[in-house]
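Step one of this worksheet: look at the structure below.
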Amino acid sequence: MTTDRDDRQVVKLPTGIETFDVIAKGGLPKNRTTLVSGTAGSGKTVFAVQFLAAGIRAGEAGVLVTFEESSADIRQNMHGFGWDLAQWEQDGKLYIVDASPDPSVETIESGSFDLGALLARVEHAVRRVGATRVAVDSLGAVFSQFTDQSTVRRELFRIAWALKSMDVTAVLTAERTADYGPVARFGVEEFIADNVMILRNVLEGENRRRTIEILKFRGTDHQKGEVPLTIVPAMGIVVIPLSAMQLRQKSSDVRISSGNADLDQMCGGGFFRDSVILISGATGTGKTLNVAQFLKGGADVGDRCLLLAFEESREQLFRNAIGWGIDFERMERDGQLRVVCEYPETEGLEDRLLATQRMIEEFRPNRVALDSLSALERVGTIKAFREFVIGLTSFIKHQEITGLFTSTTPSLMGGTSITEGHISTLTDSIVLLRYVEMFGEMKRGITVLKMRGSVHDKAIREFTIDGQGMHLGPAFRNVTGIMSGMPAYVSPDELEHIWSKFEERMTQRERRSDRRSGMDRRRDDQ
Amino acid sequence: MNAAQMPESDPRFVLRLFVTGKTPRASAAVANLRRICDEDLDGKYELEVIDVLEQPDAAEAARVLATPTLIKMLPPPLRRIIGDLSDREKVLLGLELRARRDTQTGESSGS
C-alpha cells in the first residue's frame with residue numbers, strides 16, 4: 001500500500017480560527033507547511049501563536065519555535081489575547097523551542113555547519129508533547145543569526161522537509177520589506193513551504209487597513225484576493241470574510257411595523273422582518289424621528305431594540321425622543337432598548353463591525369437602528385466603509401433582525417449622498433425624506449423609493465412632525481422635481497391631464513402582464 | 001592533582017562539543033578540536049562530545065541551533081564556536097588562546 005501523500009487528496013485541517021477557515025475553505029492543508037509572510041506589525045506572530053492556541057483548545061498539542069522573541073517575551077506578549085502559554089506548557093500541551101539569539105554569548109563561525117541541533121530539538125519537542133501543529137516564527141530571524149547565508153538556506157529546506165515527514169501541520173512566518181513586492185525578504189522562504197499567505201498592514205488615507213491573502217494553496221481550493229481582518233484583544237486575528245457572509249442570507253415575508261401606521265401603509269404593510277431599510281435625508285428632515293418610531297414600534301410589540309447612535313449625545317437623543325412622545329428611558333428600564341452613543345472616530349471600522357456583532361450576539365435584539373452611516377463614512381476609506389456595511393447587513397439579516405440605517409444627504413434640497421451610492425444596492429428598502437419649498441414655506445416630503453419584493457406607494461407625500469411624532473399628509477400632486485431639489489409647480493389642469501394619461505397606460509400594462517412586480521413598473525415609467 | 005599547585009593564569013579548559021550523529025562533519029570537528037587542544041592546551045582540558053540526536057535535552061538546555069557547536073564553559077567568559085573547526089585561527093581566537101599565550105610570555109595584556 002502506498003503512503004505517498006501526493007496520491008491522496010489534500011485534507012484540510014480546521015485551524016480553529018473560524019473566520020480564517022471560511023476563506024481557507026476548511027482550514028490549512030493538513031501535514032503541510034504554510035508560509036505566512038508580512039511586514040513588521042502585520043500580525044505574523046499573532047497568527048502563528050493563534051494557530052497553536054486554537055489547536056490546543058481543540059485538544060491538539062503544539063510546538064512553537066521562536067527565532068526572534070525570547071520565550072519569556074512571547075509568553076508575556078500573547079497573554080493579552082487570552083492565551084496562557086505558560087499554563088499550556090505546564091500541562092504538556094505546548095512546547096516552546098527558544099531559538100532566539102543570546103546576546104550575552106559571543107559566537108564565532110569556523111568552518112561548515114548545519115542546523116542539526118535545531119532540528120533535533122524540534123523533533124524532540126514534537127515527540128515530547130505529541131504535537132500535530134508546529135509554528136516557526138520567523139524564518140528571517142534565522143538568517144540574522146548566522147553569517148553563512150547559503151548554509152541557512154539549505155538548512156531551512158531540510159527542516160521544512162523534516163517537518164513534512166513528522167506528520168505535523170506547520171506555519172512558518174517570514175518578513176517582507178514592503179506590503180506590495182517580493183513575497184519575502186530572502187527570496188527563498190516561499191519555496192520552502194507548500195502554501196503561501198500574505199498578511200498586510202497598509203496605510204490608506206491615514207487609516208491602517210489589515211488584510212490577509214491566500215496566495216497559493218498547493219492542490220486545493222481557497223478564496224482569492226485580500227480579505228480584511230482585525231486584531232482584537234482576547235480574540236486575536238478575526239478575518240472578515242465578506243463573500244462568505246453574503247451567501248448565507250435568508251429572506252422572510254414576515255412584516256413588522258415601522259412604528260408609524262401611515263408609513264407601514266406606504267410600504268405595502270410594513271417592513272420585512274429580516275430586511276435592511278435605509279432612510280435618507282438632509283439634516284433635520286426627520287431621520288432620527290423615523291429611527292425613534294422604529295424602535296418604539298418594536299418595543300410596543302415586545303421586540304428588543306438596539307440603537308447605535310453616532311451623531312447625537314445620549315441626552316440629546318432622549319430629549320428629542322420625548323419631544324415626539326417617545327420615552328427611551330422607560331424602554332431602556334424595561335430592557336427593551338439599549339442605546340449606544342459613541343463618537344465614530346473612537347474605533348476603526350473593522351473593530352466597530354466586530355464590536356457591533358458581539359453586542360448584537362450578546363443583547364439579541366429584534367431590531368437594530370444605526371444613526372447615521374454617514375457619520376461612520378468619514379472614519380475609514382470608501383472600501384472599508386463598504387465592507388463595514390456589507391458585513392453588518394449580512395450579519396443582521398442572518399440573525400433575522402430588522403435593520404434601519406440612516407444616511408445624511410449633503411445638500412438640503414434634493415440630492416443623494418455618497419453613502420447611498422455605496423450601499424443602496426445592499427439595502428432592501430429605501431425611504432427618502434426631502435425638504436420641499438412651496439410658496440415661501442419649507443415642507444417635508446417622504447417617499448418609498450424601493451421596497452424589495454413588495455408593492456409600495458410611489459407618491460411623494462407631505463408629512464408634519466409634532467409631539468406625537470410623524471403624520472403623513474396628502475401627496476404633492478402639483479409639484480414636480482422634488483427629488484432633484486428643484487421643485488416646479490404645475491397647474492392643476494395640466495396635472496390632471498398628465499395623470500389621466502399616466503394611469504391609462506398603467507392600467508393597460510397591468511392587464512398585459514401580471515407577473516411583473518410593482519418595482520419594475522416603476523422603473524419603466526421613469 | 002593539587003589545585004594549589006595550579007597557577008591561576010593556567011586554568012583547565014572545560015569544553016563541550018555538540019554534534020549530530022556520526023557524520024563526516026562531526027568526526028572532522030572532533031579531530032580538529034583534539035588536534036588544537038593537544039597542541040595548544042598541552043592536554044589540560046576536559047572535552048565532552050554530545051550527540052544531539054541522543055541528547056536533545058542537552059541541546060535544548062544549552063540553546064544550541066547549529067552543529068557542530070563548541071562551547072567553552074571554562075574559563076569564563078562563555079564562548080561559542082560554530083562549524084567543523086577547520087579554521088584553526090578562529091578556533092584559537094574563540095578559545096582566547098592568543099591572549100593566554102601573550103601573558104605566558106610575560107607581555108602585559110592589561111590584566
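Here the structure is a predicted model, which is why all the values come from computation and not from measurement. Order of the sequence lines sets the chain letters (A, B, ...), proteins ahead of strands, with each chain counted from 1.
For A:V142, no part lies under 4.5 angstrom from a heavy atom of chain B. Both the backbone and the side chain of B:R79 come within less than 4.5 Å of a heavy atom in chain A. Residue A:I159: no heavy atom, backbone or side chain, is found under 4.5 Å from chain B. Only the side chain of B:T20 comes within contact range of chain A, with heavy atoms under 4.5 Å apart. With a threshold of 4.5 angstrom between heavy atoms, A:E155 does not approach chain B through any atom at all. Using a 4.5 Å cut-off between heavy atoms, A:S100 touches chain B through backbone and side chain atoms alike.
The residue among B:I82, B:L78, B:L70, B:L53 with the most heavy atom pairs within less than 4.5 Å of chain A is B:I82. Annotation: maximal heavy-atom pairing with chain A below 4.5 Å, among B:V52, B:D51, B:D84, B:L85, occurs at B:D84. No other option in B:I71, B:V64, B:V19, B:I81 has as many heavy-atom pairs under 4.5 Å with chain A as B:V64. The residue among B:A66, B:A59, B:A62, B:G94 with the most heavy atom pairs within less than 4.5 Å of chain A is B:A66. The most heavy-atom pairs under 4.5 Å with chain A, out of B:G21, B:S86, B:A29, B:P56, come from B:P56. Most heavy-atom pairs under 4.5 Å with chain A, from the set B:T23, B:V91, B:T69, B:D57: that is B:D57.
In terms of heavy-atom proximity, A:I108 sits nearest to B:L93 at CD1-C, 4.3 Å. Shortest non-hydrogen contact noted between B:E60 and A:D98 is OE2-N, 4.1 Å.
For A:Q76, the CD atom sits in a loose shell: 12 or fewer heavy atoms of surrounding residues, nucleotides or ligands are nearer than 6.0 Å.
Contact residues of residues 111-126 of chain A toward chain B are A:G111, A:S112, A:F113, A:D114, A:L115, A:G116, A:A117, A:L118, A:A120, A:R121, A:H124 (heavy-atom distance under 4.5 Å).
Judged purely by atom type and a 3.5 angstrom limit, A:S110 uses its side chain to pair as donor or acceptor with the backbone of B:D87.
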